[in-house]
2 protein chains.
Amino acid sequence: MENSSRSDIAYQALRRAIIEQALMPGTKLREDEIGAHFGVSRTLVRAALLRLSQEGLVDIRRKRTATVAIPSLDEARQIFELRHCLEQQVIHRLTAHWRPEMGEALEAHVKEEEAAARSGDTASASRLAGEFHIVLAQLAGNALLTRYLSEVVSRCSLILAVYGRPHVAECATTEHRGVIAALRTGDAAASIRIMKEHLHAVEARALPKPQEAEEVRISDILARYSAAR
Amino acid sequence: MENSSRSDIAYQALRRAIIEQALMPGTKLREDEIGAHFGVSRTLVRAALLRLSQEGLVDIRRKRTATVAIPSLDEARQIFELRHCLEQQVIHRLTAHWRPEMGEALEAHVKEEEAAARSGDTASASRLAGEFHIVLAQLAGNALLTRYLSEVVSRCSLILAVYGRPHVAECATTEHRGVIAALRTGDAAASIRIMKEHLHAVEARALPKPQEAEEVRISDILARYSAAR
DNA sequence: ATCGACAATCACGTATACATGATTTCACAT
DNA sequence: ATGTGAAATCATGTATACGTGATTGTCGAT
């Protein structure tokens, strides 16, 4: 999958725009329009959209304009469940092959997160918050694990966009520092516990409480739909 | 992702042919040729190949004819590692929400496996062996987990094709029965242990012993290449 | 006989054309 | 005003055309 073509440009841009919530769930993604923007034909846009749809970020239905995906509550729960599972494996691997320079790399990333947060760039901040987990996966050294986690984490941005309160900070950087600290102790069980707590916190910010789920949902979605023209 | 188009036909057929090892790793997949076979244009074939490449079954490189992917030993290990992780989660969920009719469904599937094995249809037999694990995931009720596991399991067919001894039975049906039996006891820990053992057995059949890995590899691959024309 | 340059062929990358199904518009009846 | 249906418009589904890089084959020099 070595796709250095111009289809990739559209893919990357769209992906990032979705993750940063510049393109909200439900937004229509017309092939012509996007193609005109990037100066490529529909052919390449289609390829990009197809890729995004396989990652669950875009909804493609036959003969209908593609849209930014709107995860259902059920999907959201499944995504978080899998995220727990994958992140636990990441921690597992990291504690097994820990090296001090990994700590430095993570530290550096958190600094970036803080910088974005301080500068008020909430879009970058939330993207970087997600990418922290991707960096962890990369350090863990399993490319497939990294790929799946990337998908799952980016879909969490969608979930946050649909169900989250408008612009709550997604991942407190202090929590990330906590994860790093735990990893540095070399205590696998403790590290996993810390990560679990962090993920539960993320989930709590992204998803409404179970009992208020049903009622809040509908107006929420409708508001979004009308806003999206 | 509701793709009921003719691109899907090519996709399904190719996928199955690869999984059943009718198309061996390294085989060239020319767009024209495939299109002519299915009576569709390159456009649709490309879409199908793109999808397959994202699932890791096909290798696409710019300006080069697509080929059936040849997983490296390293990839193979990563795939198995992730498979362990995902299957464990499946068992976890199944033991948490076990229902007797699940046992029946699994039982029925194993019977199919046996029928194929008895009839000497090794291609179907090995496909069904893999699908047993997909059925488990479906019963577990997490669609995303099912999707990832499908990918991983199908890639295991590739691994087997490259590194496995020619046509060893992949999953003994007795092992699958063992998994079902464990699930029926309702003992989560025991079920997970049984599944782990099963997966290790699968892995042992698919991958060469670590020390003989390096030397066997090259001639193995080359033989395959020359055989594939 | 082997190696390397060049030509011919092949297969892909990308844009575009045309057909068809979806969506919107608008006139008209209620 | 509201709802209905046909026409117009729009966006996608798919095939095809054309350019270009890769691959293969040929021929001459060593």
Side-chain angles (χ1 to χ4, degrees), chain A residues 1-14 17-18 23-55 57-70 222 224-229, chain B residues 1-14 17-18 23-54 57-70 221-222 224-229:
Chain A
M1 208 233 296
E2 171 196 314
N3 211 348
S4 66
S5 83
R6 286 180 295 152
S7 172
D8 234 35
I9 298 175
Y11 166 79
Q12 299 286 355
L14 286 170
I18 293 171
L23 291 172
M24 293 296 279
T27 306
K28 286 192 169 151
L29 302 171
R30 266 173 282 269
E31 297 173 359
D32 301 316
E33 201 173 337
I34 296 168
H37 185 293
F38 290 107
V40 301
S41 76
R42 283 176 50 214
T43 308
L44 300 189
V45 176
R46 270 177 90 74
L49 289 175
L50 187 61
R51 244 176 107 183
L52 289 166
S53 86
Q54 293 202 224
E55 293 174 15
L57 294 184
V58 160
D59 197 30
I60 290 181
R61 277 147 61 193
R62 194 181 163 73
K63 242 345 174 160
R64 287 211 169 57
T65 301
T67 58
V68 178
I70 304 178
L222 291 182
R224 194 164 309 285
Y225 264 116
S226 54
R229 174 238 164 171
Chain B
M1 208 232 297
E2 171 196 313
N3 212 348
S4 67
S5 81
R6 285 179 294 153
S7 171
D8 235 33
I9 298 175
Y11 166 79
Q12 299 286 356
L14 286 170
I18 292 171
L23 292 172
M24 292 297 278
T27 306
K28 286 194 170 149
L29 303 171
R30 267 173 282 268
E31 297 172 359
D32 302 315
E33 201 174 337
I34 296 168
H37 185 285
F38 290 108
V40 300
S41 76
R42 282 176 49 213
T43 307
L44 301 188
V45 175
R46 269 179 90 71
L49 290 175
L50 187 62
R51 244 175 107 184
L52 290 166
S53 86
Q54 293 202 226
L57 294 183
V58 159
D59 197 30
I60 289 182
R61 278 148 59 192
R62 194 181 163 70
K63 236 5 171 146
R64 287 211 170 59
T65 300
T67 58
V68 178
I70 305 178
I221 295 264
L222 291 181
R224 195 163 309 285
Y225 265 117
S226 54
R229 172 335 197 104

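As the structure is a computational prediction, the values presented were derived from the model and not from experiment. In the text below, chain A, chain B and the rest are named by the order of the sequence lines, each starting its count at 1. Computed over heavy atoms, backbone and side chain alike; hydrogens, waters and symmetry mates excluded.
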J.: Take the protein atom OH of B:Y11 and the nucleotide atom C1' of D:dG13, then report the distance between them rounded to whole Å.
T.: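 Those two atoms, OH and C1', are 20 Å apart.
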J.: Under 4.0 Å, counting only non-hydrogen atoms across every strand here, what does A:R46 touch: a base, just sugar-phosphate, or nothing?
T.: base
J.: Calculate the interatomic distance between B:K28 atom NZ and C:dA11 atom P; express it in whole Å.
T.: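 Rounding to the nearest Å, NZ of B:K28 and P of C:dA11 are 9 Å apart.
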J.: If we fit an axis to the first five pairs and another to the last five of the helix from C:dA1-D:dT30 to C:dT30-D:dA1, what angle do they make, to the nearest 10°?
T.: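 The end-segment axes of the helix from C:dA1-D:dT30 to C:dT30-D:dA1 are tilted 10° relative to each other.
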J.: To the nearest angstrom, how far is A:R64 atom CZ from C:dT24 atom P?
T.: 11 Å
J.: B:L44 and B:S7: which non-hydrogen atoms are nearest, and at how many Å?
T.: O-OG, 3.2 Å
J.: Just verifying a value: how many Å separate B:T65 OG1 and B:E31 CD, rounded to the nearest 0.5 Å?
T.: 8.0 Å
J.: Could you work out, with side chain to side chain contact (heavy atoms under 4.5 Å, CB included) as the rule, every residue matching A:A17, not counting sequence neighbours?
T.: A:A22, A:L23
J.: Between D:dC10 atom C1' and A:R30 atom CZ, what is the distance in whole Å?
T.: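 Computing the A:R30:CZ to D:dC10:C1' distance gives 9 Å.
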J.: Heavy atoms, side chains only, cut-off 4.5 Å: are B:L14 and B:R51 in contact?
T.: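 They are not in contact (no side-chain heavy atoms under 4.5 Å apart), so the answer is no.
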J.: May I ask you to test the A:I34-A:L29 pair for a side-chain heavy-atom distance under 4.5 Å?
T.: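 The answer is yes; the side chains approach within 4.5 Å.
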J.: Whole Å only: how far is the CG atom of B:L44 from the C1' atom of D:dA15?
T.: 8 Å
J.: Return the 5'-most residue of the pair A:T43, A:E31 with respect to DNA chain D, ranking by each residue's nearest nucleotide.
T.: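 That would be A:E31.
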J.: Taking the nucleotide of DNA chain C with the closest heavy atom to each, which residue, A:T65 or A:S41, is nearer the 5' end?
T.: A:S41
J.: Is the phosphate of D:dA15 approached by B:R6 (side-chain N or O, under 4.0 Å from OP1 or OP2)?
T.: yes
J.: So what does A:L29 touch, heavy atoms closer than 4.0 Å: a base, only the sugar-phosphate, or nothing?
T.: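 Sugar-phosphate contact only.
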J.: Hey, does A:T27 have a side-chain heavy atom less than 4.5 Å from the side chain of A:I18?
T.: no
J.: Expressed in angstrom and rounded to an integer, what is the separation of B:I34 atom CD1 from C:dC12 atom P?
T.: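 Nearest whole value for this atom pair: 8 Å.
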J.: Between atom CD1 in A:I60 and atom P in D:dA11, what is the gap in whole Å?
T.: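 Result: 16 Å.
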J.: Would you say the side chain of A:L49 lies within less than 4.5 Å of the side chain of A:I60, judging by non-hydrogen atoms?
T.: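 In short, these two side chains touch, coming nearer than 4.5 Å.
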J.: Atom CZ of B:R62 and atom C1' of D:dA22: how far apart are they, to the nearest Å?
T.: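 The answer, rounded to whole Å, is 12 Å.
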J.: On DNA chain C, check which nucleotide each of A:V40 and A:K63 is closest to and give me the residue with the more 5' one.
T.: A:V40
J.: Is there a donor and acceptor pair closer than 3.5 Å between the side chain of B:R42 and the base of C:dG13?
T.: yes
